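Please read the structure below before turning to the comments.
Basis for what follows: all heavy atoms, side chains included, without hydrogens, waters or symmetry-related copies. What you see is a predicted model; the values in this text were computed from it and never measured.
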Amino acid sequence: MVILLIKLVVFDLDNVIIDGEGIDEIGKLINIEDQIAAITEQAMQGDIDFETSIKKRVGLLKGVATDDIKTLANEMPLMKGARETVSTLKENGFEVAIISGSFDIIADTIKGKLDVDNIFTNSLVEEDGILTGEVTGPLVSGSKLDVLSKLIEEKGYTLDECVAVGDGANDISMIESAKYGIAFNAKPALKEKADIIVETRDLTDVLNVIINLNSENTEGDADVDKEVAVETEVVETTDVVVENQEEEQVADATEEVVEEIEETEEVVEEAEEEVAEEETAEEEAEEVEEEAVEEEVAEAEEEAAVETEVVEEAEEEAPAETEEEVAEEKPVKEAKPKKSKKKNALPEPDFDLADTIEGVRAQKDEREERIAKVADERESFNREAKEQRKIRDELNSELKENLAKAIEFRDQRNEINKQVEENKKARNKVNDEIKSLEWSSGKKDKIRIETEIKKIDKIIETRVLDIKKENQLVKNANDLRKELAEIKEDDKVKEEAAELKKKSEEYHAKVVELSEQAQEAHEQMLSYFRKTDEIRTAADEAHKLFIQARKNASAKHEEFKMILSEIHVINKKLGSSKNRKRRSEKSSGSSNNKKNREEKERAESIFDKFKNGKKLSTEELLLLQKYDIN
């Protein structure tokens with residue numbers, strides 16, 4: 001048959017079964033709740049003993065009407081999950097009790113609502129429906145363990161068949177003594193003593209723990225199953241929940257890492273593409289600039305070549321060339337092979353030149369002013385693009401660093417989790433050894449004999465028996481004590497079990513410590529992932545601004561090329577007029593040179609005659625001086 005390991009579940013009342021502190025709520029009826037709450041908190045933290053605390057608080061309630069308290073009791077809210085927890089426990093065969101330092105005037109109402117099996121509380125003393133400020137009951141000077149021990153003795157249970165649930169320092173005695181002590185949303189003083197800690201304010205979480213504690217059922221002797229179970233089994237159950245949660249977190253984190261890596265790689269690829277695009281655009285811009293410079297140089301060389309031709313023609317005393325002759329010679333010069341047109345050649349201009357040179361010059365001035373403005377705007381956009389590219393690249397570098405940190409903490413967490421598993425396995429192995437020892441040490445018989453002795457002693461103390469029957473009971477008790485003494489002689493096994501329990505506790509402490517470290521690493525990992533998302537968003541924004549600035553710069557560059565093309569046409573127009581003027585000036589100079597040569601030849605002839613004794617006139621002497629002939 002299936003046997004329950006736990007038979008009795010005992011709850012505190014205030015802040016466990018009901019969502020609030022009963023005496024604090026009574027204090028609100030006469031506006032002294034703050035004074036009462038301060039004393040209650042001292043007691044819950046363990047700063048003052050419960051007897052002193054309860055007497056001080058009840059003394060402040062003197063004069064409160066009991067009818068008002070009964071109305072309050074009906075309105076007191078139950079803790080979330082209280083009704084479901086109590087009903088489910090009873091349906092599954094557990095006996096449910098409430099042991100509380102609160103008062104029967106409240107507890108009796110709750111007992112009726114939840115159908116609790118047993119309830120033990122204190123009582124407020126009243127006269128004619130008014131509180132006197134005094135309190136009586138088993139829990140004024142006695143402990144909750146005293147009440148619990150009496151209850152299990154009457155029921156024929158043992159403390160090893162009991163679970164106690166509480167929240168404050170006055171619950172410590174029963175929490176420590178019961179097989180399993182559960183701290184429910186408790187104060188630190190109680191948490192230190194509890195076997196299990198439940199931090200939520202939902203009693204169904206406590207219900208789940210209790211049901212799990214009975215999951216290891218077996219066929220056969222109920223006492224054997226009950227006593228072989230050890231405290232560390234509670235830890236094992238709790239670990240299973242944590243382990244499953246950790247596995248889910250590991251899976252979620254791994255998916256996050258993969259997504260982050262893929263997204264980061266996309267950002268990096270986009271950045272590389274944009275850098276390549278930017279470099280191509282810069283190269284194209286440089287080609288256009290070089291093309292424009294080459295054309296300007298070619299134009300200057302052409303003008304110089306024209307001037308050289310005119311000088312050579314003058315020296316050869318050739319007649320001045322007409323515009324038609326110059327036109328006939330130009331094709332000979334332009335017969336040189338032309339450079340292939342580059343992909344970024346200047347666009348063909350579409351505008352009309354002015355009819356006069358002055359008008360053309362005005363067109364050039366206007367376009368030079370425009371091109372300077374466009375060049376400044378283009379450079380401004382280029383600077384903005386470079387700045388945004390720098391910001392984007394810095395953010396992408398920071399993103400990679402953060403992602404690397406997140407992965408580092410993930411790996412650290414996973415490594416710690418491995419250590420957690422190793423310590424859990426070692427702890428569970430020791431627990432199995434403890435079970436085996438306790439099975440072989442006769443603990444089952446020990447518990448059975450102790451229970452029988454207590455029953456006999458109780459009968460002798462509380463009943464009126466004839467002498468013969470009483471003597472028989474005393475003899476039976478003495479025989480049982482002798483049998484118990486023989487079992488207690490196995491101190492070696494007891495010491496070995498104690499050592500193993502100590503070892504199990506050490507492993508469990510290590511499990512808790514490592515689990516906290518793993519959780520910390522997990523939080524760090526999530527923090528870096530969140531920061532990575534923020535950085536990626538900023539990098540995307542910088543990238544968008546970079547693309548927009550590049551588009552604006554490219555548009556301005558196209559405008560620059562068009563204006564430059566128009567200036568090129570204007571320069572050609574202005575350069576052609578200048579060349580004709582120069583040719584005319586050279587032709588005139590050619591005539592002057594011819595006259596000078598004739599004068600010089602005449603001066604040389606005069607000098608020859610002078611050497612032969614001819615007298616010279618003043619005009620002839622001046623001519624000799626002009627050409628420095630002597």
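Looking only at distances, a side-chain donor or acceptor of Glu161 sits under 3.5 Å from a matching main-chain atom of Thr158. Checking side-chain atoms of Ser149 against main-chain N and O of Leu145 turns up a donor-acceptor pair under 3.5 Å. Side-chain atoms of Asp104 never come within 3.5 Å of backbone atoms of Thr121 as a donor-acceptor pair (strictly under, hydrogens ignored). No side-chain donor-acceptor contact under 3.5 Å links Asp12 to the backbone of Ser100. For Thr88 (side chain) and Thr85 (main-chain N/O), no donor-acceptor pair under 3.5 Å exists by modelled atom type. Remark: the backbone N or O of Gly22 is paired with a side-chain donor or acceptor of Asp14 at under 3.5 angstrom. A distance-only check finds a donor-acceptor pair linking the side chain of Ser515 to the backbone of Val511 [under 3.5 Å]. Judged purely by atom type and a 3.5 angstrom limit, Asp160 has no side-chain atom pairing as donor or acceptor with the backbone of Lys179.
No option in Arg427, Glu513, Lys424 other than Arg427 meets the side-chain hydrogen bond (donor to acceptor under 3.5 Å, both in side chains) test with His508. Just one of Lys193, Lys187, Lys144 meets the salt bridge (Lys or Arg N to Asp or Glu O under 4.0 Å) condition when paired with Asp171; it is Lys144.
Looking at Ile26 and Ile106, their side chains come closer than 4.5 Å, going by heavy atoms from C-beta outward. Annotation: side chain of Ile211 is in contact with side chain of Phe94 (closest heavy-atom distance under 4.5 Å). Two residues are said to be in side-chain contact when any heavy atoms from C-beta on lie closer than 4.5 Å; Leu13 and Ile18 meet this criterion. Taking 4.5 Å as the limit, every side-chain heavy atom of Val125 sits out of range of all side-chain heavy atoms of Val58. Side chains of Lys150 and Asp146 form no contact here, defined as non-hydrogen atoms less than 4.5 Å apart. The shortest distance between side-chain heavy atoms of Ile98 and Lys111 does not fall below 4.5 Å. Counting heavy atoms from C-beta outward, Lys405 and Thr532 have side chains that stay 4.5 Å or more apart. Between Val135 and Phe103, some side-chain heavy-atom pair lies under the 4.5 Å cut-off.
In this model, no donor atom of one side chain and acceptor atom of the other lie less than 3.5 Å apart for Asn423 and Gln419. Judged by distance alone, the side chains of Tyr157 and Glu95 do bring a donor and an acceptor atom under 3.5 Å apart. In the model, Arg57 has a side-chain atom that pairs as donor or acceptor with a side-chain atom of Ser53 under 3.5 Å.
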**Request:** Could you walk me through whether Gln472 and Asn476 pass side chain to side chain donor-acceptor pair (under 3.5 Å), step by step?
**Result:** CA-CA 6 Å; Gln472 183 61 47; Asn476 292 342; 3.0 Å; yes

**Asked** So Leu114 and Leu78, side-chain contact (heavy atoms from CB on, under 4.5 Å) or not? Walk me through it.
**Response** CA-CA 10 Å; Leu114 300 181; Leu78 294 173; 3.8 Å; yes

**Item:** Chi angles and distances behind the salt bridge (charged side-chain N to carboxylate O under 4.0 Å, His left out) call for Asp167, Arg201
**Value:** CA-CA 11 Å; Asp167 73 315; Arg201 294 183 66 83; over 6 Å; no

**Request:** For side-chain contact (heavy atoms from CB on, under 4.5 Å), just list the numbers for Lys62 and Leu131, CA-CA rounded to whole Å, side-chain angles, deciding distance to a tenth of an Å, and then say yes or no.
**Result:** CA-CA 5 Å; Lys62 184 177 181 179; Leu131 299 186; 5.8 Å; no

**Request:** Applying salt bridge (charged side-chain N to carboxylate O under 4.0 Å, His left out), run through Glu505 and Lys501 and close with a yes or a no.
**Result:** CA-CA 6 Å; Glu505 289 171 358; Lys501 285 182 180 179; over 6 Å; no

**Request:** Start with the C-alpha distance between Gln35 and Ile39, add both sets of side-chain angles, then the distance that settles side-chain contact (heavy atoms from CB on, under 4.5 Å), and finish with yes or no.
**Result:** CA-CA 7 Å; Gln35 298 175 53; Ile39 301 172; 5.7 Å; no

**Asked** Stepwise, does the side-chain contact (heavy atoms from CB on, under 4.5 Å) test hold for Ile36 with Leu61?
**Response** CA-CA 9 Å; Ile36 290 178; Leu61 299 178; 3.5 Å; yes

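Residues Ser177 and Ser173 share a closest heavy-atom pair of OG-O, 2.9 Å. Between Asn431 and Ser504, the closest heavy-atom pair is OD1-OG, 2.7 Å. Here the shortest heavy-atom pairing between Gly101 and Ile54 reads O-CD1, 3.9 Å. Listed here is the closest heavy atom pair of Gly166 and Ala186: O-CB, 4.2 Å. What you find for Val165 and Val16 is that their closest heavy atoms are CG1-CG1, 4.1 Å. Contact record, Thr204 with Gly81: CG2-CA, 3.9 Å, taken as the closest heavy-atom pair.
We find the CD1-CG distance between Ile110 and Asn74 to be 8.5 Å, quoted to the nearest 0.5 Å. Interatomic distance, Glu84 CD to Leu89 CG, rounded to the nearest 0.5 Å: 10.0 Å. To the nearest 0.5 Å, the span separating CD1 on Ile69 from OG1 on Thr109 amounts to 11.0 Å. In this structure, Met525 CE and Gln412 CD are separated by 11.5 Å, a value rounded to the nearest 0.5 Å. Rounding to the nearest 0.5 Å places CG of Leu72 at 13.0 Å from NZ of Lys70. From Ile196, atom CD1 reaches atom CD1 of Ile182 across 4.5 Å, with rounding to the nearest 0.5 Å.
One finds no salt bridge joining Asp24 and Lys28 here, because no Lys/Arg side-chain nitrogen approaches an Asp/Glu carboxylate oxygen to under 4.0 Å. Between Glu51 and Lys55 there is a salt bridge, since a side-chain N of the basic residue sits under 4.0 Å from a carboxylate O of the acidic one.
For Glu520, the CD atom is loosely surrounded, since the number of other residues' heavy atoms within 6.0 Å does not exceed 12. For Lys113, the NZ atom is densely surrounded, since the number of other residues' heavy atoms within 6.0 Å is greater than 12. Within a 6.0 Å radius of NZ in Lys80, no more than 12 heavy atoms belonging to other residues, nucleotides or ligands are found. Counting heavy-atom neighbours within 6.0 Å of Glu199 CD, excluding the residue itself, gives a total above 12. The environment of CG in Asp128 is sparse: at most 12 heavy-atom neighbours from other residues, nucleotides or ligands sit within 6.0 Å. Residue Lys191 places its NZ atom among more than 12 non-hydrogen atoms of other residues, nucleotides or ligands, all under 6.0 Å distant.
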